[in-house]
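All heavy atoms count here, side chains included; hydrogens, waters and symmetry mates do not.
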Amino acid sequence: MPSRSSALLLVLAVALAGLGAAGCGTGSDAKRDTEVEPSGLGKEVTVPISASVATLVQPGAEPRSVLRPAYATDHTQQVTLRTDHHIEQQLNDQPMRDFSPPAVTIPLTAQVSRDGVDLTLGTATSPDPALAQQLQSADGSHAAFAISDVGAITALRLAPKPATPDAARAALEQAFYQAVYQSIAFPLEPVGEGAVWKVRQRVSSGFLLDQVTTATLTRRDGNLLTIQLDVTQKPTSTVWNLPNSAGSLDIVDYLMHGAGTITVDLGLPLPVSGSVTVGGRQLYRDPRTSVALLQDISTQVQWGD
């Protein structure tokens with residue numbers, strides 16, 4: 001029978017895996033975000049997203065111009081979002097266990113309004129038969145993004161239909177959280193093909209992470225941009241202070257890294273196509289008992305037809 005500390009650490013590990021790249025922020029913002037991370041409960045969830053800061057590294061070739069979204073309010077966009085989150089974890093020398101949730105595919109219709117981007121969900125699907133059945137109840141649900149002048153998502157609102165079961169609601173929330181933190185903001189300066197810029201953002205996944213995304217504009221054809229992404233996440237501290245004064249864990253090793261390519265249209269609110277995968281290994285230890293938890297995690301976000 002596992003010790004109380006071992007059992008507690010395992011429960012925390014499963015919870016951490018479920019959070020993925022959830023709410024983000026700094027200081028009091030981070031606290032508010034963790035209070036509205038995915039739960040599968042409630043009728044509507046609104047999450048503030050921490051500021052993204054884009055810094056130009058290389059302006060690229062001429063001709064150069066400032067990249068800014070120019071959405072038409074009378075136009076709709078249809079695109080499909082697919083997320084696949086994989087996690088395996090090991091407690092001390094026990095066998096590695098797979099806690100991966102099923103992948104989710106969500107058809108989306110986006111409509112730009114004065115307040116941001118409104119999304120209507122089509123019939124979401126999953127390779128897991130039970131989840132696929134529950135997701136049918138969410139057909140016609142809504143979500144929304146608030147987007148800044150430089151294309152950064154500043155808030156996310158999720159409003160599943162009241163009849164949506166908890167498991168389906170939680171799966172949809174996770175898919176959108178994962179997608180939000182793979183979005184990209186544009187630099188203030190004019191850029192051309194070959195331009196490189198870095199986007200820094202604080203992400204809260206139980207504890208604060210520094211996320212740095214290096215974007216390279218590999219091709220531009222009018223409003224159509226092909227952008228290569230390289231993503232790293234590192235904790236801001238070596239200690240994870242658990243909520244509700246439950247103690248702390250030492251963050252022994254944590255580095256998430258990923259890459260991918262997306263295609264965006266400056267006239268459309270969502271990526272047209274692309275795929276980004278972020279993954280890595282994480283090691284935590286209870287300083288009181290030396291119980292260790294190892295996690296292997298990867299998340300893939302895909303956009304397309």
Side-chain angles (χ1 to χ4, degrees), residues 1-40 47 50 83-102 170 173-174 177-178 180-182 200-213 230-259 276-301:
M1 184 174 184
S3 68
R4 182 178 180 275
S5 290
S6 297
L8 174 62
L9 192 56
L10 182 59
V11 169
L12 289 169
V14 175
L16 179 62
L19 294 181
C24 70
T26 56
S28 61
D29 287 340
K31 182 178 185 297
R32 287 196 298 269
D33 292 343
T34 56
E35 291 171 352
V36 290
E37 282 166 347
S39 63
V47 182
S50 69
T83 62
D84 193 354
H85 187 56
H86 180 77
I87 175 167
E88 292 184 343
Q89 59 190 26
Q90 181 181 33
L91 193 65
N92 285 340
D93 57 355
Q94 297 178 12
M96 193 73 96
R97 299 175 63 187
D98 192 337
F99 286 88
S100 304
E173 289 176 357
Q174 272 302 321
Y177 284 121
Q178 291 161 4
V180 162
Y181 294 105
Q182 302 306 327
R200 289 177 168 83
Q201 189 173 32
R202 283 285 175 92
V203 175
S204 175
S205 184
F207 49 85
L208 283 177
L209 303 171
D210 277 328
Q211 176 171 291
V212 178
T213 302
D230 184 275
V231 184
T232 61
Q233 291 180 345
K234 296 180 181 180
T236 62
S237 171
T238 59
V239 176
W240 178 16
N241 292 310
L242 303 176
N244 302 319
S245 301
S248 64
L249 298 178
D250 292 333
I251 306 173
V252 180
D253 186 29
Y254 188 109
L255 178 60
M256 297 287 283
H257 176 262
V276 181
T277 301
V278 177
R281 175 164 287 199
Q282 306 167 11
L283 179 62
Y284 307 93
R285 181 172 289 119
D286 186 333
R288 298 166 299 176
T289 64
S290 295
V291 173
L293 172 75
L294 178 67
Q295 292 185 324
D296 281 322
I297 296 178
S298 67
T299 297
Q300 184 181 52
V301 175

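Between H257 atom NE2 and T277 atom OG1 the span is 11.5 Å, to the nearest 0.5 Å. For the atom pair CG (L293) and CD (Q89), the distance works out to 5.5 Å, reported to the nearest 0.5 Å. A distance of 11.5 Å separates CD in Q90 from CZ in R97, rounded to the nearest 0.5 Å. Separating the CG atom in D84 from the OG atom in S100 is a distance of 8.0 Å, to the nearest 0.5 Å. Atom OH of residue Y254 and atom CH2 of residue W240 lie 10.0 Å apart, to the nearest 0.5 angstrom.
Using modelled atom types and a 3.5 Å distance limit, the side chains of H86 and S298 yield no donor-acceptor pair.
Side-chain atoms of D296 never come within 3.5 Å of backbone atoms of R281 as a donor-acceptor pair (strictly under, hydrogens ignored). Using a distance-only test at 3.5 Å, with no hydrogens or angles considered, no donor-acceptor pair links the side chain of Q295 to the main chain of I87. A side-chain donor-acceptor contact under 3.5 Å links D286 to the backbone of R288.
Taking each heavy atom of V239 and D250 in turn, the nearest pair found is CG2-OD1, 4.2 Å. Across all their heavy atoms, G280 and M256 have their closest contact at N-SD, 3.5 Å. The shortest heavy-atom contact between Q233 and L209 is OE1-CD1, 3.7 Å. Nearest heavy-atom pair, P287 versus L249, reported as atom, atom and distance to 0.1 Å: CD-CA, 4.2 Å. Pairing each heavy atom of V301 with each of Q178, the nearest pair is CG2-O, 3.8 Å.
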- Step by step, work out the side-chain contact (heavy atoms from CB on, under 4.5 Å) result for L294 and E88. CA-CA 8 Å; L294 178 67; E88 292 184 343; over 6 Å; no
Checklist entry - Could you go step by step and tell me if I297 and Q282 meet the side-chain contact (heavy atoms from CB on, under 4.5 Å) rule? => result CA-CA 8 Å; I297 296 178; Q282 306 167 11; 3.6 Å; yes
Worksheet entry | Criterion side-chain contact (heavy atoms from CB on, under 4.5 Å) on I251 and Y284, from CA distance to verdict | CA-CA 5 Å; I251 306 173; Y284 307 93; 4.2 Å; yes
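Taking the side chain as every heavy atom from C-beta outward, T299 and T83 never approach each other to under 4.5 Å.
Remark: of the listed residues R200, Q201, R202, R202 is the sole one forming a side-chain hydrogen bond (donor to acceptor under 3.5 Å, both in side chains) with D210.
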